[in-house]
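Note sheet for the following structure.
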Amino acid sequence: MRLNLGSGPKALDGWVNVDLSGPDLSVDLGRFPWPWPDESVTEILASHILEHFTRDNGVKFLNECYRILKPGGMLYLAVPDMDKFIDCHLSGDFSPLGGYHWTSLDSLMGGGAQEHNPAQRHRYMYCFASLTSTLNAIGFDSWLRLPDVFDTKEYRAISLYVGAEKL
């Protein structure tokens with residue numbers, strides 16, 4: 001089984017697309033444990049969902065991914081890359097963000113009211129070092145920075161892509 005967690009309305013062929021309201025399966029991914037049995041999933045895609053959880057719930061989210069993945073299973077993550085945003089703020093040049101509309105770190109972290117839906121506000125941000133350190137603490141034995149795997153054009157310039165394998 002391949003799970004696309006936090007799919008929103010965009011369904012990927014060959015994946016079970018999971019979100020609060022489907023499109024294939026409706027699951028509240030903020031309620032633990034998830035309904036899948038241990039070691040029952042071969043691949044998980046979590047594109048731009050992890051940043052919507054607090055640090056503690058993000059760790060719970062990743063622990064659930066680890067629990068349900070089979071040995072040799074892959075977790076593919078896409079999150080906003082905090083390093084990119086900090087570099088832009090330090091340099092004053094926001095062009096590397098490709099026109100992404102939220103450049104204020106306060107707004108990016110959910111402190112602004114620009115995002116009217118509280119469930120869509122960001123609650124924690126990651127850079128490569130913090131994300132891989134978290135994956136290592138959970139038990140993922142292997143991870144790597146990936147090129148864009150499954151992302152939309154609007155997010156490519158701002159995103160960090162990491163693949164982690166459960167050995």
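For the numbers below, each heavy atom of this structure counts, side chains included, while hydrogens, waters and symmetry mates do not. Owing to the predicted nature of the structure, the values given are computational and were not obtained by experimental measurement.
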Report task. Side-chain contact test, heavy atoms from C-beta onward, threshold under 4.5 Å: evaluate it for Lys70 versus Val41 and give yes or no. Result ->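 The answer is no; the side chains never approach within 4.5 Å.
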
Query raised in the report: Does Leu75 reach the side chain of Cys65, with side-chain heavy atoms less than 4.5 Å apart?
Result: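 When only atoms from C-beta onward are counted, Cys65 and Leu75 do touch, with a gap below 4.5 Å.
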
Nearest heavy atoms of [X] and [Y], plus distance in Å:
{"X": "Leu160", "Y": "Leu131", "value": "CD2-CD2, 4.2 Å"}
{"X": "Met74", "Y": "Leu69", "value": "O-CD2, 3.7 Å"}
{"X": "Ser142", "Y": "Leu167", "value": "CB-CD1, 4.5 Å"}
{"X": "Cys88", "Y": "Leu97", "value": "SG-CG, 3.7 Å"}
{"X": "Pro23", "Y": "Pro9", "value": "CG-O, 4.3 Å"}

Query raised in the report: Backbone N or O of Arg2 within a donor-acceptor pair of the Asn4 side chain at under 3.5 Å?
Result: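 No; judged by distance alone, with no hydrogens or angles, the pair does not exist.
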
**Report entry** His52 side-chain N/O to Arg123 backbone N/O, donor-acceptor pair under 3.5 Å
**Finding:**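 Side chain of His52 to backbone of Arg123, a donor-acceptor pair under 3.5 Å: no, none is there.
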
Query raised in the report: Going through the distances and angles, do Glu43 and Trp15 end up as a side-chain contact (heavy atoms from CB on, under 4.5 Å)?
Result: CA-CA 9 Å; Glu43 290 180 283; Trp15 296 76; 3.9 Å; yes

**Report entry** Cation-pi, Phe128 ring and Arg145 (6.0 angstrom, 45 degrees)
**Finding:**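 Verdict for Phe128: a cation-pi partner in Arg145.
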
Sub-6.0 Å ring centroid separation between [X] and [Y]:
{"X": "Tyr66", "Y": "Phe140", "value": "yes"}
{"X": "Phe94", "Y": "His89", "value": "yes"}
{"X": "Phe61", "Y": "Trp34", "value": "yes"}

Query raised in the report: So Asn57 and Val59, side-chain contact (heavy atoms from CB on, under 4.5 Å) or not? Walk me through it.
Result: CA-CA 5 Å; Asn57 280 345; Val59 169; over 6 Å; no

Requested in this report: Please determine if Arg67 and Glu39 form a salt bridge, counting it only when a charged side-chain N lies under 4.0 Å from a carboxylate O.
Outcome: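 Judged by the 4.0 Å cut-off on N to carboxylate O distance, Arg67 and Glu39 do not form a salt bridge.
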
Query - Pair Asp28-Leu20, side-chain contact (heavy atoms from CB on, under 4.5 Å): steps then yes or no - result: CA-CA 5 Å; Asp28 182 349; Leu20 280 171; 3.8 Å; yes

Report task. Establish, from distance only, whether the side-chain atoms of Asp93 and Ser95 form a donor-acceptor pair under 3.5 Å. Result ->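 Side-chain D/A pair, Asp93 to Ser95: present.
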
Query raised in the report: If you measure only the distance, is there a donor-acceptor pair under 3.5 Å linking the side chains of Tyr126 and Glu51?
Result: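 No.
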
Requested in this report: Please assess Ile49 against Leu29 for the test side-chain contact (heavy atoms from CB on, under 4.5 Å), listing each intermediate value before the final yes or no.
Outcome: CA-CA 10 Å; Ile49 183 172; Leu29 296 168; 3.6 Å; yes

